[in-house]
Amino acid sequence: MELGLKGKRALVMGASRGLGRGIAQALAAEGCDLILAARSAEKLRDAAAQIESQHGVKATVVGLDLSDAASVVAMVDTVKAMGGVDILLGNVGGPPPSGALGVAPETWLKHFESMVLNLIRVIDGLVPQMREKKWGRIITITSSGVVQPIPTLAMSNTLRASLVAFSKTLAGEVAADGVTVNVVLPGRIGTERVAELDQAAAARTGTTVAEASAKSAAAIPMKRYGKVEEFAAVCAFLAGVPAGYVTGSMIRVDGGLIASI
Ligand SMILES: NC(=O)c1ccc[n+]([C@@H]2O[C@H](COP(=O)([O-])OP(=O)(O)OC[C@H]3O[C@@H](n4cnc5c(N)ncnc54)[C@H](OP(=O)(O)O)[C@@H]3O)[C@@H](O)[C@H]2O)c1
C-alpha cells in the first residue's frame with residue numbers, strides 16, 4: 001500500500017530509542033522527512049545519520065527536555081520556523097511505578113507537566129500550521145493502561161488517560177481541516193524500557209530475567225511481546241494518506257492483552 005508519505009515531514013518525539021526510534025525508521029522507509037527530538041543528542045545524531053543513509057530522507061535533530069517548559073517552547077519555535085510538520089508523533093518517557101495512594105502532590109504535578117501539559121504545548125503550537133495546510137496527523141502514544149489500568153502504574157494510568165480525553169476533544173475541533181488525531185496503545189512491546197522492567201522484576205522476585213520475561217509474556221494471549229516494527233507499522237499507517245478517515249480513535253497494539261472489547 002502506498003502511504004503517500006514521500007516529501008511529508010514528521011516530528012517524532014522520544015526518537016532516541018524504543019518505540020519513537022522504531023516509528024522514525026518506519027516513516028523514513030516511506031520517504032518521510034524527520035525531525036527527531038529527545039534529550040540524548042548523541043543518540044539522536046546516530047539515529048539521524050543511520051536513517052538518512054538507509055532511506056535517503058532528511059533527518060534533523062532537535063533537543064527536547066519535556067520536564068523543562070523552556071526547552072519545549074524552544075523546540076516548538078524551531079519547528080515552526082522550519083515551516084511546521086505534517087505529522088506529529090507525541091511520545092513521552094514513562095513515570096515511575098506507584099500505587100494510587102501516597103504519591104506526593106508535587107510528584108503528580110511534575111509528571112503531569114512532563115507527560116501531559118508539555119505535550120499539549122507541543123500540539124497546541126504545531127496544529128495551526130497543519131490547519132492552514134488542510135492536512136495533518138497527530139498520533140499520541142499512551143499505554144494499554146488507559147483502558148485497563150495496570151496495578152502499580154497509577155500515575156501512568158491516570159495521566160495518560162487525560163491525553164486520551166484531550167485527543168478526542170481535539171479530534172472533533174480539527175477534523176474539518178483534514179487533521180486527524182489518534183491515540184495508539186502499546187501493550188508490551190520489546191523495547192529497552194521493557195527489558196529494563198524485566199530486569200527490575202527479576203531483581204525484585206529473585207528470578208532470572210528470562211523467567212521474569214516469560215512470566216510477563218505468558219499473560220499476553222499471543223504469548224510474546226510485540227516487535228517494535230509491528231507497533232511502528234500501525235503508526236506509519238495512521239500517519240499516511242489512506243488513514244484519512246480514522247480520527248478520534250484509540251488503536252490497540254497489544255497482542256490481545258487488554259481484556260475488554
Ligand atoms: N514499550 C512498551 O511496551 C510500552 C507499553 C506501554 C507504554 N509505553 C510507553 O510508551 C512510551 C515509549 O515507550 P518505550 O518503550 O519506547 O520507552 P523508552 O525506551 O524509555 O523511550 C522513551 C523515549 O522518550 C524520551 N524521553 C524520556 N524522557 C524525556 C524527556 N524528559 N524529554 C524528552 N524526551 C524524553 C527518551 O529519550 P531521552 O532519554 O534521550 O530523552 C526515549 O527516546 C513510554 O512512555 C512508555 O512508558 C511503552
Side-chain angles (χ1 to χ4, degrees), residues 11-26 34-48 61-76 89-98 110-119 121-122 139-164 183-201 213 216-217 219-220 222 224-232 234-235 250-258:
L11 168 63
V12 182
M13 296 165 62
S16 60
R17 70 174 204 170
L19 300 181
R21 171 87 193 251
I23 294 161
Q25 190 79 30
L34 299 171
I35 301 171
L36 306 176
R39 292 168 301 182
S40 316
E42 202 179 322
K43 279 197 208 166
L44 286 181
R45 280 195 294 272
D46 287 349
V61 166
V62 275
L64 170 69
D65 183 354
L66 282 161
S67 66
D68 175 9
S71 161
V72 176
V73 171
M75 185 206 69
V76 169
L89 208 300
N91 176 37
V92 304
S98 77
K110 180 178 124 183
H111 291 288
F112 173 77
E113 195 160 353
S114 64
M115 292 179 64
V116 181
L117 182 59
N118 281 335
L119 179 54
R121 265 190 230 269
V122 175
I139 300 165
T140 299
I141 310 305
T142 60
S143 165
S144 61
V146 303
V147 173
Q148 185 175 326
I150 303 166
T152 76
L153 287 182
M155 273 195 287
S156 171
N157 300 332
T158 308
L159 297 175
R160 293 187 206 271
S162 72
L163 287 172
V164 174
V183 175
V184 189
L185 280 49
R188 287 178 201 150
I189 313 295
T191 62
E192 296 94 321
R193 173 176 161 86
V194 168
E196 287 160 9
L197 293 174
D198 285 345
Q199 278 161 22
S213 168
S216 174
I220 304 168
M222 287 219 174
R224 66 172 178 87
Y225 291 165
K227 297 176 191 154
V228 171
E229 307 86 72
E230 291 174 313
F231 186 85
V234 174
C235 297
M250 287 199 296
I251 293 95
R252 303 167 179 192
V253 186
D254 71 345
L257 176 68
I258 297 172

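Start at 1 and go down the list; that is how both ligands and their atoms are numbered.
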Completion exercise
For Arg188, the ligand 1 atoms with a heavy-atom partner under 4.0 Å come out as 3 (O)
Handout entry: From Leu19 atom CG to Leu89 atom CG, the distance as rounded to the nearest 0.5 Å
Key = 9.5 Å
Exercise for the section: Could you say whether the N/O atoms of Pro186 and ligand 1 ever approach to under 3.5 Å? Expected result: no
Exercise for the section: Mark yes or no for whether Arg188, through its side chain, and Ser216, through its backbone, hold a donor-acceptor pair below 3.5 Å. Expected result: yes
Problem - Distance-only N or O hit between ligand 1 and Gly18, under 3.5 Å - result: no
Exercise for the section: Kindly indicate whether the side chain of Glu229, heavy atoms from C-beta on, has any atom under 4.5 Å from the side chain of Gln25. Expected result: no
Practice task
May I ask you to decide if Leu66's main-chain N or O and Asn118's side chain share a donor-acceptor pair within less than 3.5 Å?
Solution key: yes
Completion exercise
the protein heavy atom lying closest to atom 17 (O) of ligand 1 turns out to be Arg193 CD, 3.5 Å
Handout entry: Residue, atom name and distance, where the atom is the protein heavy atom closest to atom 3 (O) of ligand 1
Key = Ile189 N, 2.6 Å
Practice task
Name the option, out of Ser40, Ala24, Ser114, that contains the heavy atom nearest to atom 40 (O) of ligand 1.
Solution key: Ser40
Fill in the blank from the handout: CD1 of Ile189 to CD of Glu230, rounded to nearest 0.5 Å, is 7.5 Å
Fill in the blank from the handout: Note: ligand 1 atoms sitting under 4.0 Å from heavy atoms of Asn91 are 11 (C), 12 (C)
Problem - Heavy-atom nearest neighbour in the protein, as seen from atom 33 (C) of ligand 1, with distance rounded to 0.1 Å - result: Leu64 O, 3.1 Å
Practice task
Look only at interatomic distance and state if Leu19 has a nitrogen or oxygen under 3.5 Å from any nitrogen or oxygen of ligand 1.
Solution key: yes
Practice task
Consider every N or O of Ser16 and every N or O of ligand 1, then say whether any pair is closer than 3.5 Å.
Solution key: yes
Practice task
Write out the residue and atom name of the closest protein heavy atom to atom 25 (C) of ligand 1, then the distance separating them to 0.1 Å.
Solution key: Gly14 CA, 3.7 Å
Handout entry: ligand 1 N/O within reach of Ser144 N/O, cut-off under 3.5 Å
Key = no
Handout entry: Straight-line distance of Ser143 OG to Leu163 CG, nearest 0.5 Å
Key = 11.5 Å
Handout entry: Electrostatic pair Glu192:Lys43 at N-O distance under 4.0 angstrom
Key = no
Exercise for the section: State, with a plain yes or no, whether a side-chain heavy atom of Val122 is found less than 4.5 Å away from one of Met75. Expected result: yes
Completion exercise
Nearest heavy atom to atom 2 (C) of ligand 1, choosing from Asp65, Leu257, Val194, Leu119, belongs to Val194
Fill in the blank from the handout: heavy-atom search around atom 7 (C) of ligand 1 in the protein gives Thr142 O, 3.4 Å
Exercise for the section: Determine whether Ile141 and Phe231 make a side-chain contact, defined as any pair of heavy atoms from C-beta on separated by less than 4.5 Å. Expected result: yes
Problem - ligand 1 N/O within reach of Val92 N/O, cut-off under 3.5 Å - result: yes
Practice task
May I ask you to list the atoms of ligand 1 that are less than 4.0 angstrom from any heavy atom of Ser143?
Solution key: 6 (C), 7 (C)
Completion exercise
Here the gap from Leu257 atom CG to Leu185 atom CG, rounded to the nearest 0.5 Å, amounts to 10.5 Å
Practice task
List the closest protein heavy-atom neighbour of atom 18 (P) of ligand 1: residue, atom name, distance to the nearest 0.1 Å.
Solution key: Arg17 NE, 3.4 Å
Practice task
Indicate yes or no: at least one non-hydrogen side-chain atom of Thr158 is less than 4.5 angstrom from one of Phe112.
Solution key: no
Handout entry: Shortest protein heavy-atom distance from atom 28 (N) of ligand 1, along with the residue and atom involved
Key = Arg39 NH2, 3.1 Å
Problem - Any donor-acceptor N/O pair, Asp65 side chain to Arg39 backbone, under 3.5 Å - result: no
Handout entry: Euclidean distance, Met115 CE relative to Ser156 OG, rounded to 0.5 Å
Key = 5.0 Å
Handout entry: Nearest neighbour in protein (non-hydrogen) for atom 5 (C) of ligand 1
Key = Gly187 O, 3.1 Å
Practice task
Measure the spacing between CG of Asn157 and OG1 of Thr142 and express it to the nearest 0.5 Å.
Solution key: 10.5 Å
Practice task
Please confirm whether Ala38 comes within less than 3.5 Å of ligand 1 when only nitrogen or oxygen atoms on both sides are compared.
Solution key: no
Completion exercise
ligand 1 atoms nearer than 4.0 angstrom to some heavy atom of Gly94 are 44 (C), 45 (O), 47 (O)
Exercise for the section: Flag Glu192 as yes when one of its N or O atoms lies below 3.5 Å from any N or O atom of ligand 1, and as no otherwise. Expected result: no
Problem - Residue portion contacting ligand 1 (non-hydrogen atoms closer than 4.0 Å) for Arg160 - result: side chain
